[in-house]
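Taking it in order: structure first as structure tokens, then the write-up.
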Amino acid sequence: KNAIEYENFSAYWNAAAAAENAKSEKAAAGNATLNNVNLCIKKGSLNALVGAVGSGKTSLLMTFTGEMPKTVGSMRYNGSIAFVEQEPTIFAGTFRENVTFGRPYEAEFYKTVVKACNLESDLKLFPQGDLSEIGEKGNNLSGGQKARLALARAVYSQADIYLLDDPLSAVDPKVARSIFGNAIETVLKGKTVLLTTHQVDFARGCENIILMEDGNVLGSGTYEELKQQNIDVDKVFGNKNNRTEEE
């Protein structure tokens, strides 16, 4: 039933500090980037990962990469991973090569992905469409274009688990709504998705919200379930009327 499971899981970016304080559980917890996480994420679910800046959202996603030098407890997942980082990497080559990323070119699915990630209008601006060179030797891309291209690459990979580190913040509200509906909710339907977001509408649109604070998971559930647990989800977004619709 679960795609991801954390059990008594703590993680430290500073391995030396963790080792030095190992004798003191309280001191060790104080140095933990992620502290005693217990969390089960259902297979095929759409999850919003929310919390203030520095709460541990990106670090939680990076537990999949094995880069943290010190971990305690267990973290398990089942399936292949696609990770869209906040600062996406664009490779020298054609636009199409950046999307397919070594996978066979499947024309119909490729078109679906490009459309879902709102890249069709961008291709019209390139002299050779999706065969135009981008990256180091080609056309410069805006931050929003890079974010949408990185998302398209991930979606095209047809992975089992998607780690999306706030890709919607790099685009305007109208485009963000389109991508959330057409790519995340539609093309990725049935996939396990962890989406970090600072936009309350997108969080409410997810079947599960995971609220983080200072490296701790305060709770998880639907928006209403968290409210029933007396967890103030709204304070994370700063404004109860923080809507993604254009003013």
Side-chain angles (χ1 to χ4, degrees), residues 1-13 29 32-52 55-86 116 150-151 153-168 179-181 183-231 233 236:
K1 292 182 180 180
N2 296 324
I4 305 164
E5 296 178 348
Y6 291 89
E7 186 176 357
N8 301 325
F9 182 85
S10 296
Y12 306 80
W13 281 114
T33 304
L34 299 171
N35 184 42
N36 199 36
V37 175
N38 287 281
L39 186 64
C40 291
I41 297 173
K42 293 180 181 179
K43 184 178 181 180
S45 62
L46 174 55
N47 304 267
L49 192 57
V50 303
S55 60
K57 303 185 299 296
T58 296
S59 293
L60 187 73
L61 297 186
M62 293 190 73
T63 58
F64 290 83
T65 68
E67 293 178 66
M68 286 195 181
K70 173 71 175 177
T71 60
V72 178
S74 64
M75 175 268 191
R76 302 178 290 274
Y77 68 88
N78 182 24
S80 57
I81 298 290
F83 194 171
V84 178
E85 300 176 286
Q86 287 183 353
L151 181 61
R153 179 193 300 151
V155 174
Y156 190 82
S157 73
Q158 299 188 65
D160 300 306
I161 298 172
Y162 285 81
L163 312 173
L164 310 181
D165 200 354
D166 207 14
L168 301 178
I179 292 173
F180 184 77
I184 296 173
E185 288 189 307
T186 303
V187 181
L188 295 185
K189 186 175 180 62
K191 303 289 188 178
T192 304
V193 179
L194 270 174
L195 169 70
T196 72
T197 182
H198 293 284
Q199 294 162 299
V200 65
D201 284 350
F202 297 140
R204 283 175 170 168
C206 295
E207 57 195 278
N208 186 47
I209 300 173
I210 302 162
L211 180 60
M212 298 196 67
E213 182 179 272
D214 297 327
N216 298 283
V217 174
L218 296 187
S220 67
T222 65
Y223 182 84
E224 292 303 323
E225 286 172 345
L226 289 175
K227 297 285 279 187
Q228 290 171 8
Q229 296 171 37
N230 294 320
I231 297 175
V233 188
V236 173

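Numbers here simply count residues along the sequence, with the first being 1.
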Checklist entry - Between N38 and N8, is a side-chain contact (heavy atoms from CB on, under 4.5 Å) present by the stated rule, with each step listed? => result CA-CA 5 Å; N38 287 281; N8 301 325; 3.2 Å; yes

Checklist entry - Is atom CG of N78 surrounded by more than 12 heavy atoms (other residues, nucleotides or ligands) closer than 6.0 Å? => result no

Item to check | Check against side-chain contact (heavy atoms from CB on, under 4.5 Å), F9 and T71 | outcome: CA-CA 7 Å; F9 182 85; T71 60; 3.8 Å; yes

Item to check | Polar side chain donor-acceptor pair, T192 to Y77, under 3.5 angstrom | outcome: no

Item to check | Residue pair A116 / V187: nearest heavy atoms and the distance that separates them | outcome: CB-CG2, 3.9 Å

Checklist entry - Do you know which two heavy atoms are closest between P69 and W13, and how far apart they sit? => result CG-O, 3.2 Å

Next on the checklist: For S80 and D160, which I'm curious about, is there any donor-acceptor pair between the side chains at under 3.5 Å?
Outcome noted: yes

Item to check | Straight-line distance of N47 CG to L39 CG, nearest 0.5 Å | outcome: 8.0 Å

Next on the checklist: Set out, in order, the CA-CA distance, both residues' side-chain angles and the distance that settles side-chain contact (heavy atoms from CB on, under 4.5 Å) for I184 and L168, then state yes or no.
Outcome noted: CA-CA 11 Å; I184 296 173; L168 301 178; 4.3 Å; yes

Next on the checklist: To the nearest 0.5 Å, what is the distance between CE on M68 and OG on S10?
Outcome noted: 10.5 Å

Next on the checklist: Checking the side chain of T196 only, and the main-chain atoms of L49 only, is there a donor and an acceptor separated by less than 3.5 Å?
Outcome noted: no

Next on the checklist: As a test of understanding, state which of I41, I161, L164, N208 forms a side chain to side chain contact (heavy atoms under 4.5 Å, CB included) with L194.
Outcome noted: I41

Checklist entry - Going through the checks in order, is the side-chain contact (heavy atoms from CB on, under 4.5 Å) test met by F180 and E185? => result CA-CA 6 Å; F180 184 77; E185 288 189 307; 3.3 Å; yes

Item to check | Straight-line distance of N216 CG to S55 OG, nearest 0.5 Å | outcome: 10.0 Å

Next on the checklist: Among L34, T33, D165, exactly one meets side chain to side chain contact (heavy atoms under 4.5 Å, CB included) together with L60. Which residue is that?
Outcome noted: L34

Item to check | Inter-residue atom distance K57.NZ - E213.CD, 0.5 Å rounding | outcome: 11.5 Å

Checklist entry - So, E5 side chain and R76 main chain: donor-acceptor pair closer than 3.5 Å or not? => result no

Checklist entry - What heavy-atom pair brings V84 and A150 nearest, and what distance separates the two atoms? => result CG2-O, 3.9 Å

Next on the checklist: Evaluate F83 against F64 for ring-ring contact (aromatic ring centres under 6.0 Å, His included), listing each step before the verdict.
Outcome noted: CA-CA 9 Å; F83 194 171; F64 290 83; 8.0 Å; no

Checklist outcome for this item: Tightest non-hydrogen contact, residues L195 and P167, listed as CD1-CD, 3.8 Å

Item to check | Euclidean distance, L46 CG relative to F202 CZ, rounded to 0.5 Å | outcome: 11.5 Å

Checklist outcome for this item: All heavy atoms of T222 vs all of E225, minimum pair found to be N-OE1, 2.9 Å

